[in-house]
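To keep things clear, I will list the structure first and then write my remarks on it.
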Amino acid sequence: FSVEGGSAGMHTARLHAASSGAVATALSRAGQRDVLVSYASGRQHTLAVVLPVPLSSVSGSANRPHVAPADARSGPRNWLGQATPFAMNGLWTEWLGDVSTEPAVTSALVLRSGRVAVGYADGAVRIVSQAALVGGHGDGADAARLDGHTGAITALHEPDAAGGLLLSASKDLTLRIWDAATGECVFVLPTQSAPAVRLVGAGGALVLGVGADNATTLVSASALERVHVTAAYHAAPERLTVGADGEAALLYADGSRRQFALGPQAAAVSVALAAPRAGGAWLGAGVLGAAAALALDVDVEQLQAAVARAAGDGATADEMRALAARPAVGAARAVLAQLCAWGVSAELDGVKRDAFGLRAPARPLALALSSRRADAHTALFPGRGGGGASWCVSSQLNAQRMLAILVLARGVLQGNERRAVEVINFYVGRLPALVGRRFKALSLLALAQHWQARNGSLQRAARTLLLAAVRGASERQRRAELFYWSSMLARGTGDGEDLQALTIVCVIGGDFPALLALTARSAAAARLQALALGAHGAALALALELLARGYAAFRPYVDSQAVVRRLAAIMAQAAEAGGGDGAVSFALVGQAKQALLRIGAADMAAVAAALGAMLGGAVDERWRALQAVGVVAAKQPAALAPHVEALAAAVVGALEPRRATTRRRLLGAGGAALRALVRAFPWVSFDAAAQCLAVGCADGRCVAFDVRTATRTAVCAAGARVVAVAVAPGAARVASFALDGVLRVWDPQPSALAMFAKSLFAPPAEAQGSVAPAKTMAIPPGFLADTDDLPVAELLRVAALSWTGERTVLLQIRDASFSLSV
C-alpha cells in the first residue's frame with residue numbers, strides 16, 4: 001500500500017490486491033473524507049483511491065486561492081473555486097443497489113473462446129456470450145448452465161492444454177472439471193479442509209488449487225486425477241517451479257519450500273501463484289467483493305481493433321449489421337449501449353437505435369475502461385437511475401465515457417466514416433444541453449492524456465472531444481482553464497501531468513491566442529522550446545506539434561533559429577540512418593516537417609535566416625539545411641519567394657569548390673535543393689551540364705551563379721519584377737522576362753581566363769558587375785493587364801520560359817504562348 005501526493009489536492013493511494021478473488025472494494029470512510037475507489041485495470045489488480053482535499057491546503061493560501069476548473073484534481077469545485085457537494089458514499093450505495101444481482105456473483109472468467117464463465121453464490125456456473133453478458137438481453141443461444149456445486153463458486157480456471165474443459169472450485173469443498181461445450185461434469189474431487197480460492201495453471205493440463213488455508217491440490221485436467229496435495233500452512237504459497245527432470249517445488253512467502261516429484265512427463269514451468277490470470281483480448285471479468293456483483297474490464301482500443309478485423313475495410317452499414325453475430329461486433333454494440341445515455345430524450349434514443357442498431361441494456365453493469373498505459377486510471381460507470389443522472393457525477397468519468405463512445409461508434413460504423421462523424425458530432429453536441437446544467441463538462445486533463453495515443457481511433461476521439469470542449473466553452477470557462485493549467489505549468493513538475501497541462505494551454509491558446517496572458521505565453525514557450533531542443537520520443541513529438549500549433553502566439557519567446565536547426569536535424573536523421581537502427585520514426589519526421597512548415601507560414605524570414613546560417617556552418621549542418629530547403633520550397637513557395645535569391649546564393653556557397661571531400665558529400669543534396677527551387681519558382685533556372693544557376697529577383701535583377709566555383713558571375717537588370725527565367729543548354733544565354741513586358745537575353749558566362757583567375761583569387765559569392773542584355777523584345781501590354789498588385793501565389797503562374805532551340809524561346813503568359821527567335 002503506497003500513498004502518492006498528487007498535484008492540486010489529489011492524493012492517490014494504490015492498493016495491490018493480494019488475491020485474485022476480489023478485484024475491487026466498496027467505498028469506505030477515511031478521516032471523515034469522501035473516498036472514491038476507482039476500479040483501475042483489472043488485469044493488474046490495482047485500485048486507485050482518490051481523496052479530495054481543500055484546494056487552499058496545497059496550492060496557495062486561503063487569502064488567494066486558485067480559481068480551478070471543475071475537473072481539476074482538487075476535489076469538486078465550481079468555476080469560482082467554491083466547493084460543491086459531492087457525497088460519494090451515497091452515490092456508491094446507490095450504485096451498488098443498481099448493479100447487485102440475485103444470486104450474487106462470486107467468480108468470473110473470460111474463456112479463450114471469448115465467452116465468459118460466471119460463478120454464483122448458489123453454486124451455479126453459467127457460460128454466456130460477451131454480447132449477452134454486457135447487454136443483458138437474455139443469455140443467447142450458446143449459453144450453458146453448469147449445475148452440481150452446492151456452495152458458492154470461489155474460483156474458475158481454463159487449463160492451457162485441455163481444450164474445452166473448465167475447472168471450478170466451490171465452498172462445498174469440491175473441485176469439478178466440466179466439459180464447457182455440453183455442460184457435463186466429467187470429474188469431481190474433494191479439496192482439503194478449506195475451499196480453493198485460486199486456480200492457477202501449472203503448465204500443460206496441470207492446475208494448482210490454493211485453498212483459503214494455503215493447502216494446495218495439484219490436478220491433471222487431461223488425466224482426470226489428483227497428482228499431489230500439500231497440507232495447510234501458515235504462509236501463502238507464492239510460486240510453483242517444475243524442473244526439466246520433473247522435480248517440483250512450492251515456494252512460500254516466509255522463504256520456505258516444499259519439494260515433490262511429478263515425473264519426467266511434467267513440463268518445466270515457473271508460475272507466480274499470486275498473479276491473477278489475464279482476461280481475454282479486450283475483456284476482463286471480476287467481482288466487486290463488497291457488492292457481490294460482476295465487474296467487466298473493457299479495453300476499448302482492443303475491442304475496436306477486433307471490430308476492424310472482423311469487418312474489414314469498407315464494410316457498409318448493412319454489412320456491419322449483418323456482422324452483429326460476430327463476437328467482437330456484437331460485444332461492441334452491447335458495450336456501446338451500456339455507455340450511452342438512455343431516456344434523456346426520444347431524439348437521442350432514436351439516433352442510437354437507427355444509426356448504431358443499439359438496444360437499451362436490460363440491466364446496468366459496472367464497466368471499467370482500461371488503456372494499454374500501465375498507469376492508466378479507469379473509472380466505474382454508475383447506473384444512477386435513468387436519464388442523464390450518470391452524466392452529472394464527474395468530469396473525469398464523462399471524458400472517459402465519451403472517449404469510449406466515440407471509439408466504439410467509429411468501429412460499429414466502420415464502413416461509413418462520414419456517417420460516423422456526423423452521428424457522433426450530433427450525439428456529443430446535443431447531450432450536454434439535453435442533460436441540463438448539472439452535466440459535468442468533459443475533463444480536459446483526461447482528454448489531454450490521449451492527445452498522442454498510439455491507437456489512432458483513441459487519438460482522433462480525444463482530439464475531437466478536446467477541441468469540441470474548448471470551443472464549446474464560454475470565454476469565462478476558457479479563461480479559468482488557462483489560468484489553472486498555466487499555473488500548473490509554471491511550477492514545472494516535469495511529470496506526465498506537466499505535459500498534459502502544456503497540451504491544454506497550447507490547444508486553448510492556439511485557438512484563442514487573445515486569452516493567453518504574457519506570463520502563460522512565456523512559460524509555455526519556454527517549456528516547448530526546452531522539449532523541442534532536448535527531449536526525445538513522444539515528448540519531443542508532442543512539443544513539435546504544439547509549438548507548430550501555437551507558434552504565432554509563442555514566437556516572441558522562442559529562439560526560432562535554434563528550433564529550425566533542431567527540426568532540420570530530425571528531418572535529416574532518417575535519411576542519414578538509411579532507415580536502420582538509428583533512424584527516427586516516420587511519425588516524428590512528419591511532425592518535424594509539419595512544424596517547420598507552420599513556423600515558415602508564420603515567420604518565413606526566421607526560417608530562411610536559420611537555413612542560411614546553417615548553409616554557412618559545418619558540413620553536417622549544411623547537409624541538413626539543404627534537405628530542409630527542398631521541403632520548404634516544395635510546400636511553401638509563396639512564403640519563400642522573397643528570400644529565394646539569398647537562399648540560392650547560400651546553397652551555391654555551401655557547395656564549397658576548394659574542398660573536394662566536402663563538395664562530394666554535399667553535391668547530391670545541393671543538386672536536389674536546386675531542383676526543388678527550379679520546380680517551385682518559374683524565375684529560377686538551372687543547367688546541370690554547365691552548372692549555371694539563374695535567379696530572378698523582385699527588384700528587377702536577374703543573377704547568374706556558377707555552381708562549379710560557387711560564385712556569382714553576372715547580373716542583368718530589368719525595369720520590373722522578374723517572373724520567368726530560362727538558362728539555355730550549355731549556359732550560352734539566359735532569357736528573363738519581367739512584368740514590364742520585356743524579354744531580355746543576356747550572356748551569363750565570363751571569359752574562361754576571368755573564370756580561372758576568379759577561382760584562384762576571388763572569394764566565394766563575390767558580387768560581379770552588371771551585364772547589358774544582348775537582345776530585348778517587348779510583349780504587347782494587354783497580355784500583362786492587372787499584374788501590378790498580384791500576390792506572390794498568383795505570380796508563380798503568370799509566365800514560364802523555356803528554350804526550344806539554340807536561338808528559339810517559348811514564352812507562355814497565362815493562356816497565351818509566343819515562340820520568339822532571339
If you take all heavy atoms of [X] and [Y], which pair is closest and at what distance?
X	Y	value
V792	A641	CG1-CB, 3.4 Å
Q594	A548	O-CB, 4.4 Å
R712	V703	CD-CG1, 2.8 Å
L801	V809	CD2-CG1, 3.2 Å
V563	L547	CG1-CD2, 3.6 Å
V723	W683	O-CE3, 3.5 Å

CG (D498) and CH2 (W485) are apart, to the nearest 0.5 Å, by 11.0 Å
Are the side chain of [X] and the backbone of [Y] linked by a donor-acceptor contact shorter than 3.5 Å?
X	Y	answer
Q591	L544	no
R521	P513	yes
S486	L482	yes
W803	A726	yes
S685	V727	yes
R622	G617	yes

Output every pair passing salt bridge (Lys or Arg N to Asp or Glu O under 4.0 Å) with a member in residues 679-704, not counting sequence neighbours, ordered by first then second residue. E645-R701, D699-R701
Where at least one partner belongs to residues 541-550, residue pairs that pass salt bridge (Lys or Arg N to Asp or Glu O under 4.0 Å), sequence neighbours excluded: R463-E545, D511-R549
Answer whether the closest heavy-atom distance between the side chains of [X] and [Y] falls below 4.5 Å.
X	Y	value
L820	I779	yes
V505	R527	no
L546	L531	no
R665	D620	yes
L796	P682	yes
L540	R566	yes
I508	L444	yes
V725	F681	no

Check the pair V558, L528 against side-chain contact (heavy atoms from CB on, under 4.5 Å), reporting the backbone distance first and the verdict last. CA-CA 9 Å; V558 173; L528 286 173; over 6 Å; no
